[in-house]
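Written out below as structure tokens is the structure these notes cover.
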Amino acid sequence: MTQLKPILTHLDSIPSTPGKFKPDKSSPYNLYRLRFHPTLFPRFTLWSFFFIFFIVLLIFFSSPTNPTAGNSRRSLKNSLSPSPALGPNWERRVRASARPRSKTGFTVLVTGAAGFVGTHVSLGLKRRGDGVLGLDNFNQYYDVGLKKARQGLLERSGIMVVEGDINDAVLLRKLFDAVAFTHVMHMAAQAGVRYAMQNPGSYVHSNIAGFVSLLEACKTANPQPSIVWASSSSVYGLNSKVPFSENDRTDQPASLYAATKKAGEEIAHTYNHIYGLSITGLRFFTVYGPWGRPDMAYFFFTKDILRGKEIKIFETSDHGSVARDFTYVDDVVKGCLAALDTAKKSTGSGGKKKGAAQLRIYNLGNTKPMPVGRLVSILEKLLKVKAKKKVIQMPRNGDVPFTHANITLAHTELGYKPTTDLEMGLKKFVKWYVSYYGSKKKKSSW
Ligand SMILES: O=C(O)[C@H]1O[C@H](OP(=O)(O)OP(=O)(O)OC[C@H]2O[C@@H](n3ccc(=O)[nH]c3=O)[C@H](O)[C@@H]2O)[C@H](O)[C@@H](O)[C@@H]1O
């Protein structure tokens, strides 16, 4: 310490403009300076170097437990030096995928494209000649292998799926810079009613923060796209007025999942109001079908029945049956495309509203609620296996006892008319299930 003091005092006297310093030969500290510089200064610099190096290592190699932090680091990396995946070749592929077949076709960004409904909607759009670019974060909520298989299906139809998160603002900007999307079909979400109790943060991350991030990109884009997005029948929560109509109360959500979807509807209102974005929300009613979600009851009941594993059938506290307005995926896709076709243009540009814009919400259900017990007996018949059933009281985990859609509004304004009943829809699902998991003997991790 006594040795360092003279050096530090000497540093205090260095003028701020380098090169103008004249050593004071008369200073009694000159002797110390000459004697200690050669040994102490390199040691000091060496330790500083190691310290800085350690900090840099820590920043670059620490695992991103917070997904948003991970994204922001990736975003930073992207903005500093675009990875080869975001280079000119990547941009060419992005543009080619999004190019419609005809001049009147739409140019659609589908978020959650490797998800269940996202895949079907993407294929439906491509089939009729629209240009489709997919975006999906391939998260591990359920079997990523299934998502990759859906991606393969899309790629064979000429649809590219960019791997990325809707929270990644830099990536979204790159996509909107590369392509003038006319529409965004926003299907990306953290789905599942009961899982919200295990991982509440993922619902906030995808369904709230992610939605805002996407709307920010849409409002800034020039031209602003029209947006159609997936809300949920779960917003009706504890509403007991049946069938559920769009103007019924939705302020009593029974799960955090439902609350984040309801929040999405309010956020949509705000972006419509401030920026003139044209936004249509679709309340899906328990959508099922081929390439479905392994976390949903019809899917894991099929798996468990085939394996001889017990399945739990929920009932209400007064021993009534729990029922859902199960809706077949092809019917929902028709509703999604009709919503896109009837969507008016957004009115804003450069982040500024120019006039009132369209804001809509529709139920896309089947109007025929079925008890879960009935779903199981249809599966038993199709699989030719008797299920090991255990009837238990519905746990308090966010579930609601029944759903039932009034689809008058969607019918009148979108021409929506579901045509697939539960027997036919499950038959198609089981056929796919057996061909995917049965004959191919795919390993499943779900
Ligand atoms: O349309 C909707 O609003 C929602 O539909 C489904 O949610 P849910 O209807 O709860 O679908 P499942 O998890 O497949 O459950 C179907 C029925 O089976 C019942 N169930 C579930 C699990 C189980 O072990 N036993 C059982 O009887 C549930 O109570 C429910 O009545 C989706 O998972 C949500 O993402 C979607 O938003």
Side-chain angles (χ1 to χ4, degrees), residues 112 115-118 141-142 187-199 202-203 206-207 229-239 243-244 250 253-262 264-265 281-289 292-305 309-317 319-329 331-332 335 361-367 369-379 387-405 407 418 422 425-426 429 446:
F116 169 40
V117 183
Y141 170 57
Y142 63 78
M187 299 286 129
Q190 176 57 62
V193 176
R194 292 168 288 277
Y195 179 64
M197 289 183 74
Q198 285 173 51
N199 190 357
S202 68
Y203 289 80
S206 294
N207 304 355
W229 72 285
S231 184
S232 161
S233 73
S234 63
V235 299
Y236 290 108
L238 305 179
N239 172 47
F244 300 162
T250 51
S255 64
L256 182 70
Y257 168 70
T260 59
K261 285 294 180 179
K262 172 66 183 166
E265 293 187 357
L282 302 173
R283 292 177 180 162
F284 293 166
F285 282 68
T286 316
V287 187
Y288 72 99
R293 273 173 34 211
D295 64 314
M296 288 184 68
Y298 75 95
F299 201 118
F300 63 76
F301 280 171
T302 300
K303 176 189 160 203
D304 291 342
I305 291 171
K309 206 176 145 198
E310 182 185 273
I311 59 168
K312 294 185 176 70
I313 298 177
F314 299 159
E315 63 171 17
T316 57
S317 53
H319 303 295
S321 45
V322 167
R324 285 290 179 277
D325 198 359
F326 296 102
T327 310
Y328 189 64
V329 68
D331 288 327
V332 165
I361 199 96
Y362 296 106
N363 284 342
L364 292 187
N366 195 45
T367 66
M370 287 283 180
V372 179
R374 174 83 187 113
L375 167 89
V376 173
S377 55
I378 297 172
L379 285 176
K388 287 185 186 148
K389 291 173 259 186
K390 186 176 181 187
V391 178
I392 62 163
Q393 197 179 320
M394 193 172 75
R396 281 173 191 271
N397 52 14
D399 255 326
V400 290
F402 63 89
T403 61
H404 182 181
I407 56 164
L422 191 58
L426 285 177
F429 164 71
W446 42 275

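Atoms within a ligand are numbered from 1 in the order they appear, just like the ligands themselves. Here, residue 1 is the first one in the sequence, and each next residue gets the next number. Every heavy atom of this structure was used, including side-chain atoms; hydrogens, water molecules and symmetry mates were not.
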Tell me whether [X] has any N or O atom under 3.5 angstrom from an N or O of ligand 1.
{"X": "Phe301", "answer": "no"}
{"X": "Tyr298", "answer": "no"}
{"X": "Thr286", "answer": "yes"}
{"X": "Phe284", "answer": "yes"}

For atom 35 (O) of ligand 1, which of Arg293, Gln190, Met296 has the closest heavy atom?
->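 Among Arg293, Gln190, Met296, the closest heavy atom to atom 35 (O) of ligand 1 belongs to Arg293.
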
With Ser231, the side-chain hydrogen bond (donor to acceptor under 3.5 Å, both in side chains) member among Lys262, Glu265, Arg283 =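 For Ser231, the side-chain hydrogen bond (donor to acceptor under 3.5 Å, both in side chains) check succeeds only for Glu265.
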
Which bit of Arg194 gets closer than 4.0 Å to ligand 1, counting heavy atoms only: side chain, backbone, both or neither?
->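 For Arg194, the contact with ligand 1 is made by the side chain alone.
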
Which bit of Arg324 gets closer than 4.0 Å to ligand 1, counting heavy atoms only: side chain, backbone, both or neither?
-> side chain

Salt bridge or not for Asp304 and Lys312, using N-O below 4.0 Å?
->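 Not counted as a salt bridge, because no side-chain N and carboxylate O are separated by less than 4.0 Å.
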
Numbering as shown, the atoms of ligand 1 that approach Val322 to under 4.0 Å (heavy-atom distance) | 29 (O), 31 (O)

Enumerated ligand 1 atoms positioned under 4.0 Å from heavy atoms of Ala297 = 12 (P), 14 (O), 15 (O), 16 (C), 18 (O), 21 (C)

Relative to the ring of Phe285, is the ring of Phe244 parallel (under 30°), tilted (30 to 60°) or perpendicular (over 60°)?
-> tilted

Relative to each other, are the rings of Tyr141 and Tyr195 parallel, tilted or perpendicular (30° and 60° limits)?
-> tilted

